[in-house]
Amino acid sequence: MNKSQDLPRLIEVLLNTERIVVLTGAGISAESGIPTFRGEEGLWKKYRAEQLATPSAFSQNPHLVWEWYDWRRGIINSKTPNPGHHTLAKWGKRFPFFTVITQNIDGFHQKAGSSDVLELHGNIWKMRCTQKGTLMENNEVPLKLIPPICPKCGALLRPHVVWFGESLDFSILTKAFQLSSKSQVMFVIGTSAVVQPAASLPFSAADAGAKIVEINPEPTPLSSHADFSFRGRSGKILPMIDAELEKAEKHSEG
Ligand code: BJW
């Protein structure tokens, strides 16, 4: 057996672990029917990132950018979390310290029941005033007015997401690095691991001694650094790990 897929060894590690951090990307929501960014079926095959997910794209054509987000909100609204999200929510109750750090903006981890979630790239159900920074939730699908306008001051609203070239929220990012470097095990699930600074989190965890467990059908720049690398879909692999963990727990109790 390829050592990196050594499930019995991973179970042994998990039985002795209290602090877990999970970094997720678009791939964990793929089995819910949410398109990923890169790869054959990815959003960037059909749309150009620089025309839609940058501050300059928004200032040039806020209507186009909002139409794209309205379309994505419609897709997300019609889908639900999958067994991958549900397994992580279950583990949040099982392990004493368990945080999900997600690059996703779909809110599916919270919807599945995870309570400790750091959203690195924002949330598609939030909007922000371009003038005063006022943050608000908006669940309207489809949007009645495109582009939407701030109800308080009448200025243009923007999606509360992080575009290329923009800084991530400092306190969220600081917390993500702190938790990663304190973790004993870090799962890295469904991310191509190329977008910074998120892609650096597993390296800081590994430098501080954490075991890295990657779950992805495709290899990534992280794969050769991972202690465990499961090639497959997270909606299948995570429930499989969970079933083995439960078996091992029952065995050790009895
Ligand atoms: C499955 C699966 C299944 C499929 N199960 N898996 C240092 C060096 C070089 C460049 C930079 C750098 N530092 C910063 C940059 C610039 C830039 C960057 O990283 N560019 C790289 C592309 C090179 N970063 C930024 O601009 C960031 N800001 C920043 O750092 O500010 C300071 C700064 C700025 C400029 C220069 C220097 C410093 C901000 C990044 C914001 C990213 N925003 C987006 C859009 C969010 C809003 C929205 O959704 O509309 O975030 S882009 C997009 O990529 C989105 C994602 O969160 C992010 C990551 O993608 P992810 O999740 O990995 O998805 P995919 O599609 O790439 O991969 C899916 C994976 O799933 C694949 O591997 C599949 O195999 C797998 N999969 N099915 C499990 N069933």
Side-chain angles (χ1 to χ4, degrees), residues 22-58 64-76 79 81-85 87-88 100-109 117-128 158-170 172-174 176-177 187-203 213-223 226 229-241:
V22 182
L23 174 67
T24 63
I28 194 165
S29 295
E31 286 157 83
S32 295
I34 312 291
T36 61
F37 292 91
R38 297 160 190 87
E40 279 315 302
E41 301 294 316
L43 288 170
W44 295 157
K45 276 271 185 276
K46 293 185 206 122
Y47 307 94
R48 292 181 56 175
E50 63 273 21
Q51 283 172 359
L52 293 160
T54 63
S56 68
F58 186 68
L64 175 72
V65 172
W66 264 116
E67 276 188 333
W68 190 58
Y69 278 94
D70 191 38
W71 170 70
R72 289 175 62 201
R73 283 161 61 105
I75 297 178
I76 293 167
K79 312 288 182 194
N82 65 59
H85 299 101
T87 302
L88 296 182
V100 177
I101 302 172
T102 189
Q103 298 168 84
N104 300 344
I105 61 172
D106 55 29
F108 276 10
H109 288 298
V117 182
L118 292 180
E119 293 179 318
L120 291 178
H121 294 161
N123 187 298
I124 201 164
W125 302 111
K126 291 182 184 162
M127 298 179 178
R128 196 165 81 231
R158 59 161 285 174
H160 183 58
V161 299
V162 182
W163 287 320
F164 283 116
E166 291 188 311
S167 297
L168 280 68
D169 180 289
F170 180 75
I172 294 178
L173 188 60
T174 307
F177 272 102
F187 282 84
V188 184
I189 305 170
T191 175
S192 55
V194 294
V195 174
Q196 296 292 350
S200 295
L201 290 167
F203 289 93
V213 185
E214 184 178 58
I215 302 176
N216 198 313
E218 304 292 333
T220 74
L222 179 70
S223 303
S229 192
F230 292 92
R231 288 267 167 273
R233 291 179 283 121
S234 46
K236 192 170 154 237
I237 305 277
L238 283 166
M240 177 191 79
I241 297 173

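Note that ligands are numbered from 1 as they come in the structure, with each ligand's atoms numbered from 1 the same way. In this chain, numbering begins with 1 at the start of the sequence shown. Fair warning: this is a prediction, and the values are worked out from it, not measured in the lab.
- For atom 56 (C) of ligand 1, the nearest protein heavy atom lies closer than 4.0 Å.
- By the 30° and 60° cut-offs, the orientation of the rings of W163 relative to F58 is tilted.
- Within ligand 1, the atoms closer than 4.0 Å to a non-hydrogen atom of E218 are 75 (O), numbered from 1 in the order shown.
- In terms of the side-chain contact (heavy atoms from CB on, under 4.5 Å) criterion, residue partners of P35 (sequence neighbours excluded) are, by chain and number, L43, I75.
- For atom 37 (C) of ligand 1, the nearest protein heavy atom lies 4.0 Å away or farther.
- Proximity annotation for atom 6 (N) of ligand 1: of A30, P217, G84, S234, P217 comes nearest, heavy atoms only.
- Heavy atoms of V162 approach ligand 1 to within less than 4.0 angstrom.
- The shortest N or O to N or O distance between T220 and ligand 1 is not below 3.5 Å.
- For atom 69 (C) of ligand 1, the nearest protein heavy atom is under 4.0 Å away.
- Looking at T36, T191, L120 and measuring to atom 61 (P) of ligand 1, the nearest heavy atom belongs to T191.
- A donor-acceptor distance shorter than 3.5 angstrom exists from the side chain of N82 to the backbone of I28, with no hydrogens or angles considered.
- In this structure, atom 20 (N) of ligand 1 lies nearest to the protein heavy atom F164 CE2, 4.0 Å.
- Among protein heavy atoms, atom 23 (C) of ligand 1 sits closest to V194 O, 4.0 Å.
- Only the backbone of W163 comes within 4.0 Å of ligand 1, judged by heavy-atom distances.
- Close approach of ligand 1 to V161 is summarised as follows: ligand atoms under 4.0 Å from at least one heavy atom of the residue are 47 (C).
- The ligand atoms of ligand 1 that sit less than 4.0 angstrom from a heavy atom of Q103 are 57 (O), 59 (C).
- With hydrogens left out, the protein atom closest to atom 7 (C) of ligand 1 is Q196 CG, 3.7 Å, a heavy atom.
- Protein heavy atoms come within 4.0 Å of atom 79 (C) of ligand 1.
- With sequence neighbours left out, A57 forms a side-chain contact (heavy atoms from CB on, under 4.5 Å) with T54, V65.
- For a threshold of 3.5 Å applied to N or O pairs, the pair formed by G25 and ligand 1 contains no separation below that value.
- Distances from atom 42 (C) of ligand 1 to the protein include at least one heavy-atom value under 4.0 Å.
- Residue I124 does not touch ligand 1, judged by heavy-atom distances below 4.0 Å.
- Under the 4.0 angstrom criterion, atom 9 (C) of ligand 1 counts as lacking any protein heavy-atom contact.
- Close approach to A26 involves these atoms of ligand 1, each under 4.0 Å from a residue heavy atom: 61 (P), 62 (O), 64 (O).
- For ligand 1 and N216, the ligand atoms under 4.0 Å from any heavy atom of the residue are 72 (C), 73 (O), 74 (C), 75 (O), 76 (C).
- Within 4.0 Å of atom 16 (C) of ligand 1, not a single protein heavy atom is present.
- Counting protein heavy atoms only, atom 49 (O) of ligand 1 is closest to R72 NH2, 2.8 Å.
- The parts of V195 lying near ligand 1 are both backbone and side chain, judged by heavy-atom distances below 4.0 Å.
- Within a 6.0 Å sphere centred on CZ of R233, heavy atoms belonging to other residues, nucleotides or ligands number 12 at most.
- Residue Y69 has at least one heavy-atom neighbour below 4.0 Å for each of these atoms of ligand 1: 47 (C), 48 (C), 50 (O).
- For atom 4 (C) of ligand 1, the candidate residues are P159, A53, G27, G235; the nearest heavy-atom contact is made by G27.
- Residue E31 touches ligand 1 through its side chain alone, judged by heavy-atom distances below 4.0 Å.
- The proximity of S192 to ligand 1, defined as any non-hydrogen pair under 4.0 Å, involves the side chain as well as the backbone.
- Of the candidates R38, R233, E166, it is E166 that places a heavy atom closest to atom 28 (N) of ligand 1.
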